[in-house]
Engineer: 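The structure's right below; bear with me while I get my questions together.
Just so you know, these numbers come straight off a predicted model, no measurement behind them. A, B, ... follow the sequence lines: proteins, then strands. Residue 1 opens every chain.
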Number of protein chains: 4
Amino acid sequence: MARGVNKVILIGNVGGDPEVRYLPNGNAVANVTLATSDSWKDKQTGQQQERTEWHRVVFFGRLAEIVGEYVRKGSKLYIEGRLQTREWEKDGVKRYTTEIVVDIGGQMQLLDGRPQGGEGMAPRPQQSRPAPQRQAQQPQQQQQPAQPQAQQMPDYDSFDDDIPF
Amino acid sequence: MARGVNKVILIGNVGGDPEVRYLPNGNAVANVTLATSDSWKDKQTGQQQERTEWHRVVFFGRLAEIVGEYVRKGSKLYIEGRLQTREWEKDGVKRYTTEIVVDIGGQMQLLDGRPQGGEGMAPRPQQSRPAPQRQAQQPQQQQQPAQPQAQQMPDYDSFDDDIPF
Amino acid sequence: MARGVNKVILIGNVGGDPEVRYLPNGNAVANVTLATSDSWKDKQTGQQQERTEWHRVVFFGRLAEIVGEYVRKGSKLYIEGRLQTREWEKDGVKRYTTEIVVDIGGQMQLLDGRPQGGEGMAPRPQQSRPAPQRQAQQPQQQQQPAQPQAQQMPDYDSFDDDIPF
Amino acid sequence: MARGVNKVILIGNVGGDPEVRYLPNGNAVANVTLATSDSWKDKQTGQQQERTEWHRVVFFGRLAEIVGEYVRKGSKLYIEGRLQTREWEKDGVKRYTTEIVVDIGGQMQLLDGRPQGGEGMAPRPQQSRPAPQRQAQQPQQQQQPAQPQAQQMPDYDSFDDDIPF
DNA sequence: TTTT
DNA sequence: TTTT
């Protein structure tokens, strides 16, 4: 149920291989940056201008797993999600990061099965990926308070600090 | 022309009276915060939960003028725009703010003509608002380099620092 | 799962009180017509022009019940659904009707709680509405083949034949 | 200006080479059918189901010309337009056809530069296409009343009767 | 950091 | 058939 509408629709290219993590409850989370670009002719100079916008997209659940397997740097994606701004702190000062959350109620479509590397649509090999913890949660994780909601995830610490927004 | 799609659709309520400014070229800019909310039942506790998301929306041009006249705190709006993140600096450290830009190609609909105050849809009195500078730009402003594009607007300094994201 | 995207977003006013029916499996179906309008200035004559577009919207499930209770002639709605064209026959000739289907994955928002009649947001009295058959299906209906999917619903025979498209 | 919102977003594949025509005023019109498909698992039978939906899309102006040059059978498109139902008559009985109109305010993105035929993105040879009549309208066409608006176009007679809706 |  |  919702009062209001909060909808984002993007088509763009992925800036790097997705980072996939697993929450203590076994739910997958995948982070991706997505570039959309606009070009227009400057009225003053007549020059063709271009501006690229980078978006932080966070997938949860089943879509996160699909992203981890099939999406790579350069992939073209359609995504539908919602805007969410989370607060974090650095050196005692509050910062805010706005992301597009894609979970249930959202959508993702891989528009291009041929990203760099040329392995076609074969799933990415998964040796280096930690096993999903759906059916087998580790004991020490169950001692932590359960994660009731994806939105309440305390931190996104796997994010590179160098991508600042 | 665009490579990619960058679209945001929101329906929500305005958090405060709009701030309207005029760029040196006479174009109006209106800033508004918009609240959307989601509610859901927590699976663990069975409790009804609610989360409100605040969005920064920036209108340009004709829509900004309409916003300045008809939108007030509490107004319910439909907006369609695009995501844009701009960089700014505070105490020597870079910060990023993500906004929804609504200009040509975007859309705005006032869904509720009866916000708090009860004056109906009568335009807001405009004495305290600086005159639009479309046909009559002030000389000292023309000495500055022209602002060719809304996106290149150097700063949004009229923003209240207390709205941190 | 979907290959492709099929999304319709409308904001408009409802042309008449909704017609709510119940499928044999107890699922509610609500039909509504929704008007959206565009106005523009004719370049030839300089006259203000207006065109109203009428849309057939079909709600299923929980949303259909909400529509039956709260939506009335004149209500302003936001809906998000998908396009679907169904075939029917009249006098031996095939006809096609395109509707916007709003079910799971879709959305509905009542944007105006004050339609004509002035009873506020109180649910419509329900004496004249047949009881939902969720838990108590009637025997003769169970003898029919089950309706596996809303999309496969054989007919919309409660529709007024006079609304031709 | 609009009271209400009427927006359609589709991603799908084109069913045949576009038909491009020119209105008496020189404006291009391109007709395309676009397929979107949904698949789901039937709850009764557990079988994977698929349903393809065909949409009639009509492009006007610059986008129609781009469609005529670059879009072919099998092309994958993103389109953003609005719903419009027009009335026509056959054997004295009124029929209605719903289309997605993509003109100014709409958008089109070619998501796949490699449709069947393998000529890459080279524009389609244009010998068989009637010259645009922008600057040079033919006299007999000017005797007809001018077409002030794309929406008022009297007929779409170039459509194949075999595509019935 | 992507893509055309 | 709606609404502003």
Side-chain angles (χ1 to χ4, degrees), chain A residues 10-19 31-39 48 50-57 71-79 110-112 114-117 159-165, chain B residues 1-6 66 70 78 85 109-114 120-122, chain C residues 10-19 31-39 48-57 71-79 110-112 114-117 159-160 162-165, chain D residues 1-6 66 70 78 85 109-114 120-122:
Chain A
L10 302 176
I11 295 179
N13 296 288
V14 170
D17 288 343
E19 306 172 31
N31 295 293
V32 139
T33 53
L34 195 74
T36 58
S37 33
D38 268 288
S39 65
Q48 194 68 14
E50 174 153 348
R51 180 192 165 102
T52 294
E53 194 68 34
W54 285 97
H55 310 273
R56 297 185 85 121
V57 184
V71 171
R72 310 192 201 165
K73 179 177 181 174
S75 294
K76 175 168 281 192
L77 294 187
Y78 167 89
I79 70 101
L110 190 48
L111 297 174
D112 190 329
R114 303 151 247 83
Q116 67 157 218
F159 263 151
D160 187 349
D161 256 8
D162 295 343
I163 305 177
F165 67 88
Chain B
M1 187 52 189
R3 294 203 322 279
V5 170
N6 176 355
I66 294 172
Y70 294 102
Y78 166 89
T85 297
Q109 301 261 327
L110 189 47
L111 297 175
D112 190 331
R114 300 150 248 86
M121 282 303 292
Chain C
L10 303 175
I11 295 179
N13 296 289
V14 169
D17 287 344
E19 307 172 31
N31 295 295
V32 139
T33 54
L34 195 74
T36 58
S37 33
D38 267 289
S39 65
Q48 194 67 13
Q49 304 284 111
E50 175 154 349
R51 179 192 166 101
T52 293
E53 195 67 36
W54 285 97
H55 311 273
R56 296 186 85 121
V57 184
V71 171
R72 310 190 202 166
K73 179 176 180 174
S75 294
K76 175 167 281 191
L77 294 187
Y78 167 88
I79 70 101
L110 189 47
L111 297 174
D112 190 331
R114 302 151 248 85
Q116 66 157 219
F159 262 152
D160 187 349
D162 295 343
I163 305 177
F165 66 91
Chain D
M1 189 49 189
R3 294 203 321 279
V5 170
N6 176 355
I66 294 172
Y70 295 102
Y78 167 89
T85 297
Q109 300 262 326
L110 190 47
L111 297 176
D112 190 330
R114 300 150 249 86
M121 282 303 292

Engineer: Return the nearest nucleotide to the side chain of D:R3; candidates are E:dT3, F:dT3, F:dT1.
Structural biologist: F:dT3

Engineer: Whole angstroms only, please: what is the OH-C1' distance between B:Y70 and F:dT4?
Structural biologist: 12 Å

Engineer: Given atom CG of D:L111 and atom C1' of E:dT3, what is their separation to the nearest angstrom?
Structural biologist: 12 Å

Engineer: Please state how far atom CZ in C:R51 lies from atom P in F:dT1, giving the value in whole angstrom units.
Structural biologist: 18 Å

Engineer: How many whole angstroms separate atom CG of A:N13 from atom C1' of E:dT3?
Structural biologist: 4 Å

Engineer: Rounding to an integer number of Å, can you tell me how far C:E50 CD sits from F:dT2 C1'?
Structural biologist: 11 Å

Engineer: Less than 4.5 Å apart, side chain to side chain, heavy atoms only: is that true for C:K73 and C:V14?
Structural biologist: no

Engineer: Quick one: does B:Q109's side chain have a donor or acceptor within less than 3.5 Å of a partner on D:V5's backbone?
Structural biologist: no

Engineer: Donor-acceptor pair under 3.5 Å: do we get one between C:T52's side chain and the base of F:dT1?
Structural biologist: no

Engineer: Quick check: do A:L77 and A:L111 have side-chain heavy atoms less than 4.5 Å from each other?
Structural biologist: no

Engineer: If I take atom CG in residue A:L34 and atom P in nucleotide E:dT4, what distance separates them, rounded to the nearest angstrom?
Structural biologist: 14 Å

Engineer: Under 4.5 Å between any side-chain heavy atoms of C:L34 and C:W54, yes or no?
Structural biologist: no

Engineer: E:dT1, F:dT1, E:dT3: which one has an atom nearest the side-chain heavy atoms of A:S37?
Structural biologist: E:dT3

Engineer: To the nearest Å, give me how far apart CG (B:D112) and P (F:dT4) are.
Structural biologist: 11 Å

Engineer: Can a side-chain donor-acceptor contact be found between A:T33 and A:H55 if the only test is distance below 3.5 angstrom?
Structural biologist: no

Engineer: Decide, applying a 5.5 Å centre-distance limit and a 30° plane-angle limit (both strict), whether A:W54 stacks on E:dT2.
Structural biologist: no

Engineer: Let me know the distance between CD of C:Q49 and P of F:dT4, rounded to the nearest Å.
Structural biologist: 21 Å

Engineer: Quick check: any donor-acceptor pair below 3.5 Å linking the side-chain of C:T36 to the base of F:dT3?
Structural biologist: no

Engineer: When you measure from the side chain of C:A35, which nucleotide among E:dT3, E:dT1, F:dT2 comes out closest?
Structural biologist: F:dT2

